Amino acid sequence: MKVRTRLAPSPTGDPHVGTAYQALFGYVWAKVNGGEFVLRIEDTDQERSTEASEAAILESLKWIGITWDEGPDVGGPYGPYRQSDRLDIYKKHIDMLIQKGHAYSCFCTKERLDTVRKKLIEEKAPNRGYDRKCRDLSPNEAAKRIAAGEPYVVRMKIPLEGECLFNDLLRGEIRKDWASIDDQVIMKADGFPTYHLAVVVDDHLMEITHIIRGEEWINSVPKHVLLYQFFGWEPPVYCHLPLLRNPDKSKLSKRKNPTSINYYRKAGYLPEALLNYLGMMGWHMPDGSEKFSVQDMIKSFDLTDISLGSPVFDRTKLRWLNGRYIREDNSVSDLTDKLQEWALNPDYIARVTAVVASRLETLSDWGYFTAMFFSDSVPVTEGLLAVKDMEKSQVIELLQLTLWKLEKVRDWNSASISSILKEVAELFELKLKVLTSPLYGAICGSKVAPPLFDSMEVLGSDLCRTRITAAMNVLGGLSGKKLKKLEKKYRT
RNA sequence: GACCCCAUCGUCCAAUGGUAAGGACACCGGCCUUUCACGCCGGCAAUACGGGUUCGAUCCCCGUUGGGGUCGCCA
């Protein structure tokens, strides 16, 4: 059987280095076996999925050098490759499960589920899920309520006892009691399938042989193998990759580390270096060499050689590796080309110049004023971020809220940034000027700088957000507790 | 809290049922050099703990501890 692997990103945010990590191993494994690598967009979350995010993911994967044989942009024999275009397929399969008695309609409201869950947590019950209230409704009654227009979801019937045993290629046998698993929703009230249903149906229909994905999915495997059983299908090989981590060992997150591929691109990393670095997370060349290409990898890669300790994503070592690529593989003329591609092109220079033009007295002033547009980070001190009559902790809150608001901006431009900042200022009952003062420090690394909103527009969202996060860390950062409190207070 | 996964220098990755436990990043020293960087040489630094199995365990088994993940009509 031909080896087929897939990457199944969900277009709900920035292209993540973890996605690239999984893409790399999936791609390489397919190519080791002369097989195919498929890109499938998992946009079953109507609320959060955006076309912009999908486009950004494809674009950044291309930049880093991952290609796919089938996907939403190139098509292929197993399409469509976007889950929102496969709704009728899921519907058919969901109906099949209901008919066979493996799934049922559930009319419980979110409010009821919340209450049930809260109560279970208060009671310190070991299982905190759904109480299966609708599991034994008669099909007739269910049909009646559906006909009456009552909203409902479809849940799968998980066995009430016994245990599920499955195999992970890297970890061997894993067992889990069925009793510890909820009756998982497989179709939401909006008629869209959930991940669990869609992923199983698609992986089967697309003849995926190896599921290579992050370790956070291990606990869902029982639900998936049960679905395979319900449908009478053969499950694929499961291979759960270790999770990339922050230096503090938690799962890699943008709050503690830049996670957007676009950040690394804007900060001037070479795609081949980033990919190489990801390749040494959990894997190594047989001869121990640390600099290797995807082609090198394909020559000696075996999935079962992956080590399981979740690696820390160490930006210092990535920087070193990137440096090796720059100085070992590039002539000055190559670098000149790359710099032009990166930022020293007429377009970017024009945009930067527009921001500083009115301040120039000599052409050479340009270099002085624009350094921040060609840097990764800027030098920030507490003093630069200080606001008169304001506690440090308040400044951090201010920055955090700004960050959250900025993350939601769709069209990153001066006007939208300006209106966001005005919003934040109003929320805190501050003059805009007061809010922008620490932002000048965070974004520009100086109190003297070109106009903030325009600068931020030119700099781009990835660099701006990374700089704001860095500034918050200079001030001591936010504890998880405080963050949650803040989130409750302000975040919608 | 329940369940699942994991455990070699600070970090990444090696190694073997018998080793002086190896390489890389970082750090420290030295050489090179107009400075810095690169390069070169050297140094610091790890088998989490407790029980087994064994002539012998870092490696195999069990427990403890520690870390991570999952417990959504998110993926």
Side-chain angles (χ1 to χ4, degrees), chain A residues 8-13 16 18-19 41-49 53 83 106-110 112-114 117 120-130 151-155 163-164 166 168 170-172 174-199 213-223 240-252 277-291 305-324 326-328:
Chain A
S10 162
T12 53
H16 198 281
T19 306
I41 297 295
E42 312 233 320
D43 57 348
T44 54
D45 185 341
Q46 288 195 83
E47 297 261 308
R48 296 195 305 149
S49 297
S53 171
Q83 290 186 328
C106 168
F107 301 89
C108 294
T109 61
K110 280 185 185 169
R112 191 184 104 77
L113 294 176
D114 275 353
R117 214 164 275 141
L120 288 170
I121 290 175
E122 268 167 32
E123 288 170 358
K124 299 197 171 167
N127 285 330
R128 298 170 174 190
Y130 176 53
Y152 71 104
V153 302
V154 176
R155 290 177 184 272
E163 77 178 357
C164 173
F166 65 95
D168 177 271
L170 300 176
R171 292 155 234 267
I174 296 173
R175 38 188 86 225
K176 197 166 166 60
D177 287 334
W178 285 120
S180 71
I181 301 171
D182 265 3
D183 280 359
Q184 176 68 46
V185 172
I186 55 176
M187 190 189 87
K188 309 182 228 182
D190 63 4
F192 274 55
T194 58
Y195 171 83
H196 303 284
L197 187 278
V199 81
R213 59 158 39 151
E215 192 182 351
E216 76 257 43
W217 292 109
I218 280 195
N219 285 305
S220 323
V221 174
K223 296 168 197 169
H240 290 90
L241 261 23
L243 250 28
L244 266 24
R245 307 204 218 185
N246 298 310
D248 70 358
K249 307 287 179 86
S250 54
K251 176 173 157 181
L252 194 65
Y277 182 68
L278 291 171
M280 55 202 259
M281 303 273 85
W283 189 77
H284 62 96
M285 287 289 279
D287 66 357
S289 53
E290 296 196 289
K291 191 170 159 224
D305 288 338
I306 294 170
S307 63
L308 291 175
S310 303
V312 170
F313 189 89
D314 178 9
R315 274 203 286 161
T316 309
K317 187 151 185 178
L318 167 60
R319 230 184 131 78
W320 162 79
L321 223 210
N322 200 62
R324 277 193 66 182
I326 285 187
R327 73 185 92 94
E328 291 174 13

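The model shown is predicted, which means the values in this text are computed figures rather than measured ones. Here is how names work: the chains are called A, B, and so on, in the same order as the sequence lines, proteins then strands, and each is numbered from 1.
- The residue A/Gly288 sits apart from the nucleic acid: no heavy atom pair falls under 4.0 Å.
- No side-chain N or O of A/His240 forms a donor-acceptor pair with one of A/Arg171 less than 3.5 Å apart.
- Side-chain proximity of A/Val153 to the nucleotides B/rU11, B/rA26, B/rC73 is greatest for B/rC73.
- Counting non-hydrogen atoms under 4.0 angstrom, A/Gly323 reaches nothing in the nucleic acid.
- Of the side-chain N and O atoms in A/Arg117, one or more sit less than 4.0 angstrom from OP1 or OP2 of B/rG72.
- Listed candidates were B/rA24, B/rC73, B/rC13. Nearest to the side chain of A/Ser307 is B/rC13.
- Across all strands shown, B/rU58 has no partner, as no Watson-Crick or G-U wobble contact with both distances under 3.5 Å is found.
- Each of B/rC4, B/rC73, B/rC13 was ranked by its minimum atom distance to the side chain of A/Pro311; first place goes to B/rC13.
- Comparing the C1' positions of B/rG29 and B/rA46 gives a spacing of 22 Å, expressed to the nearest Å.
- Of all non-hydrogen atoms in A/Arg155 and A/Asp183, the two that sit nearest each other are NH1-O, 2.8 Å.
- Residue A/Leu241 holds its CG atom at 9.5 Å from CG of A/Asp168, rounded to the nearest 0.5 Å.
- Across B/rA24, B/rU11, B/rC6, the shortest atom-to-atom separation from the side chain of A/Val312 is found for B/rU11.
- A distance of about 33 Å separates the P atoms of B/rG66 and B/rG23, rounded to the whole Å.
- Between B/rA7 and B/rC44, the distance separating the two C1' atoms is 24 Å to the nearest Å.
- Map A/His284 and A/Glu47 each onto its nearest nucleotide of RNA chain B; the residue landing nearer the 5' end is A/His284.
- Comparing A/Glu290 and A/Ile306 against RNA chain B, the residue whose closest nucleotide sits nearer the 5' end is A/Ile306.
- No donor-acceptor pair closer than 3.5 Å links the side chain of A/Lys249 to the backbone N or O of A/Pro311.
- When each of B/rC73, B/rG23, B/rU70 is scored by its nearest atom to the side-chain atoms of A/Lys317, the top-ranked nucleotide is B/rG23.
- When each of B/rC3, B/rC73, B/rC5 is scored by its nearest atom to the side-chain atoms of A/Lys176, the top-ranked nucleotide is B/rC3.
- Residue contacts shown for A/Glu42 are limited to sugar-phosphate atoms, with no base heavy atom under 4.0 Å away.
- Heavy-atom minimum distance, A/Ser250 versus A/Asp248: OG-OD1, 2.6 Å.
- Atom name C1', nucleotides B/rA15 and B/rA57: the rounded distance is 14 Å, in whole Å.
- For the P atoms, the distance linking B/rC59 with B/rC73 amounts to 43 Å, nearest Å.
- Comparing B/rA24, B/rA75, B/rC6 by their closest approach to the side chain of A/Trp320 singles out B/rA24.
- Between B/rC9 and B/rA14, the distance separating the two P atoms is 13 Å to the nearest Å.
- Atom C1' of B/rU8 sits at a distance of 14 Å from the matching atom of B/rU19, rounded to the whole Å.
- When heavy atoms are screened at a 4.0 angstrom cut-off, A/Met281 is found touching the sugar-phosphate backbone but no base atom.
- Taking the charged nitrogens against the carboxylate oxygens, A/Glu215 and A/Lys251 have no contact shorter than 4.0 Å, which rules out a salt bridge.
- What separates CG of A/Asp248 from P of B/rG67 is a distance of 12 Å, to the nearest Å.
- Regarding A/Leu321, its CG atom lies at a distance of 9 Å from the C1' atom of B/rC25, rounded to whole Å.
- Annotation for A/Glu47: atom CD does not count as buried by contact number, only 12 or fewer foreign heavy atoms lying within 6.0 Å.
- Taking the charged nitrogens against the carboxylate oxygens, A/Glu328 and A/Lys291 do have a contact shorter than 4.0 Å, which makes a salt bridge.
- The nucleotide B/rG22 finds its pairing partner in B/rC13, both defining distances of the Watson-Crick or G-U wobble pair being shorter than 3.5 Å.
- Among the atoms of the strands shown, base atoms are found under 4.0 Å from some heavy atom of A/Cys108.
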Could you write out each protein N or O paired with an N or O of nucleotides 31-38 of chain B at a distance under 3.5 Å?
{"from": "B/rC38", "atom 1": "O3'", "to": "A/Arg327", "atom 2": "NH1", "distance (Å)": "3.4"}

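- Going from atom CD1 of A/Ile218 over to atom C1' of B/rC5 covers 5 Å, rounded to whole Å.
- OP1 and OP2 of B/rG72 both lie 4.0 Å or more from every side-chain N or O belonging to A/Arg155.
- In the interface, the side chain of A/Arg48 is paired with the base of B/rC74 through a donor and an acceptor atom under 3.5 Å apart.
- Residue A/Ile218 holds its CD1 atom at 6.0 Å from CZ of A/Phe166, rounded to the nearest 0.5 Å.
- B/rC3: Watson-Crick or G-U partner is B/rG69, with both key distances under 3.5 Å.
- With A/Asp314 contributing its side chain and A/Thr316 its backbone, the two residues share a donor-acceptor pair below 3.5 Å.
- For the residue pair A/Thr194 and A/Thr44, the shortest heavy atom distance occurs at C-OG1, 4.5 Å.
- Distances from the side chain of A/Leu243 to the nucleotides B/rG69, B/rG72, B/rA75 place B/rG69 closest.
- Within 4.0 Å (heavy atoms only), A/Thr316 reaches sugar-phosphate atoms of the nucleic acid but no base atom.
- What separates CD of A/Gln46 from P of B/rA75 is a distance of 11 Å, to the nearest Å.
- Proximity of A/Lys188 to the phosphate of B/rG72: no side-chain N or O atom is located under 4.0 Å from OP1 or OP2.
- Distance, A/Trp283 CH2 to B/rA14 C1': 13 Å, rounded to whole Å.
- With a cut-off of 3.5 Å on both Watson-Crick or G-U wobble distances, the partner of B/rC49 is given as B/rG63.
- Within the 4.0 Å cut-off from OP1 or OP2 of B/rA75, at least one side-chain nitrogen or oxygen of A/Thr44 is found.
- Atom NZ in A/Lys249 sits roughly 14 Å away from atom C1' in B/rU65 (whole-Å rounding).
- A/Ile174 has its CD1 atom 5 Å from the P atom of B/rC5, to the nearest Å.
- One C1' atom belongs to B/rU47, the other to B/rC6, and the distance between them is 16 Å to the nearest Å.
- Under the Watson-Crick and G-U wobble criteria, each requiring two contacts below 3.5 Å, nucleotide B/rG42 is paired to B/rC28.
- In this structure, the CE atom of A/Met285 is 21 Å from the P atom of B/rC12, given to the nearest Å.
- Under the 30°/60° scheme for interplanar angles, the aromatic rings of A/Tyr195 and A/Trp217 are found to lie parallel.
- Listed candidates were B/rC73, B/rG72, B/rG23. Nearest to the side chain of A/Ala189 is B/rC73.
- Of the listed nucleotides (B/rC5, B/rC12, B/rU70), B/rC5 has the atom at the smallest distance from the side chain of A/Arg171.
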